Every structure is written in structure tokens, then in C-alpha cells.
Amino acid sequence: MKTRFAPSPTGYLHVGGARTALFNYLMARRRGGRFLLRIEDTDVARHQEDAIDKIVQDLRWLGLNWDEGLEAGGPAEPYRQSQRLDIYRAHVQKLLDAGQAYYAMESTQELETMREAAAARKEAFKYPRPAALPTSEQAQAARDAGREVVVRFVCPAEDVTIQDDAFGSVTMPAAEIDDFIILKADGYPTYHLANVVDDALMGVTYIMRGQEFLAQTWRHVLLRRALGFAEPGYCHLPLIMDMQGRKLSKRDGDVEVHAFRVAGYLSEALLNFIALLGWNPGGDREKLSLADLEQLFGPDRLGKTNAKFDRDKLLAFNTDWAATLPEDRLLEAFKDFLSLNDTPIPAGDDDLLRTLLRVCKGFRTFADIAAKTGVLFAPDDAYAYDPKAVEKVLSKGERNGYSVLGDLLPALEAADWTPAALEDLLKGFCEKNALGMGKVAQPLRVAVTGTTVSPAIGETLALLGRAKTLARIRRCLAQR
RNA sequence: GGCCCCAUCGUCUAGAGGCCUAGGACAGCGGCUUUUCAAGCCGCCAACGCGGGUUCGAAUCCCACUGGGGUCACCA
């Protein structure tokens, strides 16, 4: 058993690709097989060099390590298709020599015209194979005349049935099949040719990919037969759609894995959530680690219906994982988050970071922590007071927040500066003055952070330190 | 439009003829807790697309319809 993930480097790894990679990884793990990574960069125009590195980073972040392929090496080097052009051309030549492929000289525009004509006649367009296939001399003459020359595959006119592990038996009628291009005018192979040749040469025995390929798999089947390659196992995955039911596209929001990483999500949560899109272990079980998935995954429990990508549920998964992962792991992930974001939080102080993690228990993403505590590490005059908060907790009422702050100042100057001591001090102040804690904690929060949101007030002040706390309270009082 | 595929709460799904007055989770709504936010706890709302069959019995099997998606590129 060998599976592969074969992305094309046209952008970031998005959640759909991540799920495909995950399932292929799991399949190999589960069956004691190998998981391979190959880059399909046969589109010169859309290729982005830095995309390869990004995809590699994202896969690593998710923990989906591959046994063979890009960077890992292996018996079928190289693993980038742009470096395997000779191999594809040799296979194309083999087909040409056998009369199973032929040159075609129509330009893109001419083909477009032919398609439009077919559409006007309400007919499906099928490329008309010439009775006499052009010779290589004729092809060369056309090239010399400045025409674009491609190579098309001679498709046998027969029904093609594939056995798919998720969808079962699927037949493509012969009437739908026509001679498709396998070698482009620029000398690069098309996806179909390169993909089939590489899967065969690299020993890939099981192909799991998105359902968008299901209706095209006949091409691969026919190509394999012509080339004498064995048939692999096929398994197509239901698609992931956006909440509107449209195909998930990079345009409708940040569906890139990297965007979730930057936004403060845990890879455990993203992986867990994605695994449940189109697959489930049965019963009510939902919380699954990569290790769990490696034990449980199988194509038998794959669904057939498209899934919508529900960010709210992802958030809930993240919240749950954040609440249960060991602190060491959270610390590591938190530091990764900080390295990717510009925040005033000192990323080098592990003890402080652990404190923040504890003090913010219940956080949904690391971004929540940054939003809640960042201001504590900013310069004392670098934050603004939320006007609504000021109105509500500082300036309103007879015994207003400002006066409470003024009364509190002397006590704070002499206080023991630990969370518990500060908490006790404030409680005592409340009792003595017959005030609710809200009447004291909230004015302090606004004074010290500009907002009504922060960790527990004792923790907040302890984190800030006496000097900064007092300075901020005085600044607040001064701008009354 | 041709072809292929799919169809359970708003969402992810459990369900493989009687265990289903359809279960879980997220969201939503209500409440509890309360020094804020988040978290947590309790409760509520909410689905088998429609119509025919088959069967003693159908969410589960069959057919048609409707709806949705995919695919028909010198993109992968």
C-alpha cells in the first residue's frame, strides 16, 4: 500500500487539500504502507515557487509527515514533475510510436470556435480524430509555420467502469469519451499524463482525491491500459463546500491552513475537525487525535455527500482542545502563534506565557489571549479608553468608578502584589464600602486596560505590576 | 445543456427493514454561575426533499420527480 498527496503549487494549502493529505496519510499509516509527497508543477503560468515551501510548512505544522518524496527522497527521484519532463516525453513518444497518440495542430482559439459551433448545434463537443493521423514531419512543419502542436491520446470508444471505494461502481459511457491532450504545446505534460505516469513509476497503489476527479478517472484508466500500468485502488472524497453550498474557494475567506495557524488555532483541532468532514468513526465519537485517527480511519466509513465548512464548529473544537491539551503543548503552540503575529506579549518568557495560558483558561484561540492581555505589555500610554466603558463604569452614578479608584489608590500602594493578595484586598474594600465586586473590578479594568475585558482582576493587576498599575490609574484619573 | 454523483435537524453527522415517538455535536434560544470576556453547567427549539411502489413493517430496498454538486480546459 502506497498513497500520495500530489498538490500543485499554485497557492497555499487549503483545508480541502489538507483533508486529502490527511486521509492519504491515515490510509498509509493504518495499512502499514507508505505516504508520498509529489509536486505537480506542470503549469508554467500558474506556478508559484514559494508555494511549495508553504505547502511543506503547512503539512509539517499539521504533523502529516511523508515517508517518501519531496525533501524526503526515495527511489523515484525527482519528485517535482517539472524535473521529470524527459520521463513524460518518453512515454508520450511510446504512445505516438504505437499509434495510440497523435499530433494535433489547432490553436486554442480554433478549438474554442469548434466548441461554440457544437454548442450552437446543441451537441456535446468531441474532438474529431482525423482519419489519417498526422506524421511527425507534418507536426514539425506546423511548428515551423508557427502553429501550436499538442499530442492527443487515442481513446478507445468503449464504456469505462471504475470501482471506487467510496462511490462504488461508476461507469462513464463511451459516448462521453474523446481524445484528450496529454502533451501541451509548450512541451509540458498535462495533469492526466503526468499524474498517471508518476503514480505508476512511483509505485502508488491507492489513489484518494477529491470527487472532482471522479468524472475524469476514465482518462487515467485508459491511459494506464495503453501504457501497460496496473490498476490502482480508487477512492474519491466528497467535496468541502462553503456555508453557501458553493465550492470552497480561496476567495471566500481564509480557508488556508496557514491562515488558521496565524489566527491562533491548534493543529489538533483543525485536523480533528477536517477529519470529520466526509468521514466519521461511527457512533457519537467526535474528539479524535491524529493517533486516534491512525487507529480508526478506513474508506469504509467515508460518506458521499458534500460537507459544508462550518467555522463555528471548528472554533468549538479548538476551544475544547485548548482546554484539554497539556500545558507544554499549549506553550509550544502559543509561541508559534506569537512568532507569526505582531503583539506586545514577550514571546521569550516561558513562565509568563504559561501564566497567560492559565489565567486565560477557557480561551478559544490564542488570538483571544493576545486580545485580552496584549495591552498589559504595551506602553502605559499606548491604549485608548473605550468611551462606552468609561461612561458605564467610570463616570456614571453617584459613587462612580473614578471615586472608587481614588479611594483604592492608597491601599494599592501598600498592597502585597500577588493575585491572591490583591483579590483579598479588593474583596475587603468591597465589604467595607458595601459595594459589589463589579463596582470595583470594572473601574480598575477600564483604568488599566481601557476596556471592560481582561483576566480576573487580581491576575490582571499582578501581571501588570505595582508601578504600572498605579501609573495607569493615575493617568486614568487625570484624564477624567 | 450532455454525462457522472449525491440527498437525515441551519451545520457536521449516527442510523446498514422492526431497537427511531430518529441519537450526538456545533450554532440558535432560555436559565444557572458571576468581578468582565471566554469557558462551564442545565434545559428548549430543530431533520428523514416529494410521490409511487416492495414488505406484516421503510429514514433504511426499488422507480420516477425535485433539488444540489461535479465534470465536459494546452488548470490541476
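Residue numbering restarts at 1 for every chain, and letters A, B, ... go by the order of the sequence lines. Everything quoted here is computed from the prediction, not taken from an experiment. Heavy atoms only: backbone and side chains are in, while hydrogens, waters and symmetry mates are out.
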Residues which pass ring-ring contact (aromatic ring centres under 6.0 Å, His included) with [X], listed by chain and number, not counting sequence neighbours:
X: Trp218(A); result: Phe180(A)
X: Tyr191(A); result: Phe213(A), His220(A)
X: Phe334(A); result: Phe366(A)
X: Tyr385(A); result: Tyr383(A)

Measure distances between side-chain N and O atoms of Lys304(A) and base N and O atoms of C5(B), and say whether any donor-acceptor pair falls under 3.5 Å.
no
So does Gln216(A) reach the base of A76(B) with its side chain, donor to acceptor, closer than 3.5 Å?
yes
Please state how far atom [atom1] in [X] lies from atom [atom2] in [N], giving the value in whole angstrom units.
X: Glu212(A); N: C72(B); atom1: CD; atom2: C1'; result: 14 Å
X: Lys361(A); N: U36(B); atom1: NZ; atom2: P; result: 20 Å
X: Glu459(A); N: C37(B); atom1: CD; atom2: P; result: 18 Å
X: Asn280(A); N: G15(B); atom1: CG; atom2: C1'; result: 10 Å
X: Lys439(A); N: U36(B); atom1: NZ; atom2: P; result: 13 Å
X: Glu176(A); N: G1(B); atom1: CD; atom2: C1'; result: 11 Å
X: Ile177(A); N: A73(B); atom1: CD1; atom2: P; result: 14 Å
X: Asp178(A); N: A73(B); atom1: CG; atom2: C1'; result: 11 Å

Quick check on Arg246(A): does its CZ atom have over 12 non-hydrogen neighbours (other residues, nucleotides or ligands) under 6.0 Å away?
no
Heavy atoms from other residues, nucleotides or ligands near NZ of Lys126(A) exceed 12 (cutoff 6.0 Å):
yes
Determine the Euclidean distance between corresponding [atom1] atoms of [M] and [N]; express it in Å to zero decimal places.
N: A16(B); M: C61(B); atom1: P; result: 11 Å
N: G23(B); M: A46(B); atom1: C1'; result: 14 Å
N: G52(B); M: U13(B); atom1: C1'; result: 29 Å

Residues forming a side-chain contact (heavy atoms from CB on, under 4.5 Å) with Asp41(A), sequence neighbours excluded
Pro9(A), Ile39(A), His47(A), Arg80(A), Gln81(A), Ser82(A)
All side-chain contact (heavy atoms from CB on, under 4.5 Å) counterparts of Asp199(A), not counting sequence neighbours:
Arg4(A), Arg38(A), Asn195(A), Val204(A), Ile207(A), Arg224(A)
Enumerate the salt bridge (Lys or Arg N to Asp or Glu O under 4.0 Å) contacts for residues 169-179 of chain A, please, sequence neighbours excluded, ordered by first and then second residue.
Arg129(A)-Asp179(A)
Test: side chain to side chain donor-acceptor pair (under 3.5 Å). Region: residues 425-450 of chain A. Which pairs qualify, not counting sequence neighbours?
Gln442(A)-Arg445(A), Arg445(A)-Ser454(A), Thr449(A)-Thr451(A)
Over 60° means perpendicular and under 30° means parallel, so tell me whether Tyr127(A) and Phe125(A) are parallel, tilted or perpendicular.
perpendicular
Please give the nucleotide sitting opposite [N] as a Watson-Crick or G-U wobble pair, both distances under 3.5 Å, or none.
N: G40(B); answer: C32(B)
N: C9(B); answer: none
N: G51(B); answer: C63(B)
N: G1(B); answer: C72(B)
N: G57(B); answer: none
N: A16(B); answer: none
N: A22(B); answer: none

At a cut-off of 3.5 Å, list every protein nitrogen or oxygen paired with a nitrogen or oxygen from nucleotides 64-69 of chain B, distance to 0.1 Å.
| unit_1 | atom_1 | unit_2 | atom_2 | d |
| --- | --- | --- | --- | --- |
| G69(B) | O2' | Asn306(A) | OD1 | 2.9 |

Salt bridge check: are Lys54(A) and Asp50(A) linked by an N-O gap of less than 4.0 Å?
yes
What nitrogen or oxygen pairs link the protein and nucleotides 19-24 of chain B at under 3.5 Å?
| unit_1 | atom_1 | unit_2 | atom_2 | d |
| --- | --- | --- | --- | --- |
| G24(B) | N2 | Glu286(A) | OE2 | 3.3 |

Please list, pair by pair, any protein nitrogen or oxygen found under 3.5 Å from a nitrogen or oxygen in nucleotides 40-49 of chain B.
none

Using the closest heavy atom to pick a nucleotide of RNA chain B for each, name whichever of Ala323(A) or Glu106(A) lands nearer the 5' end.
Ala323(A)
Kindly list each side-chain donor-acceptor pair under 3.5 angstrom involving residues 300-310 of chain A, sequence neighbours excluded, with atom names and distances?
| unit_1 | atom_1 | unit_2 | atom_2 | d |
| --- | --- | --- | --- | --- |
| Arg301(A) | NE | Asn280(A) | O | 2.9 |
| Arg301(A) | NH2 | Asn280(A) | OD1 | 3.1 |
| Asp310(A) | OD1 | Asp312(A) | N | 3.0 |

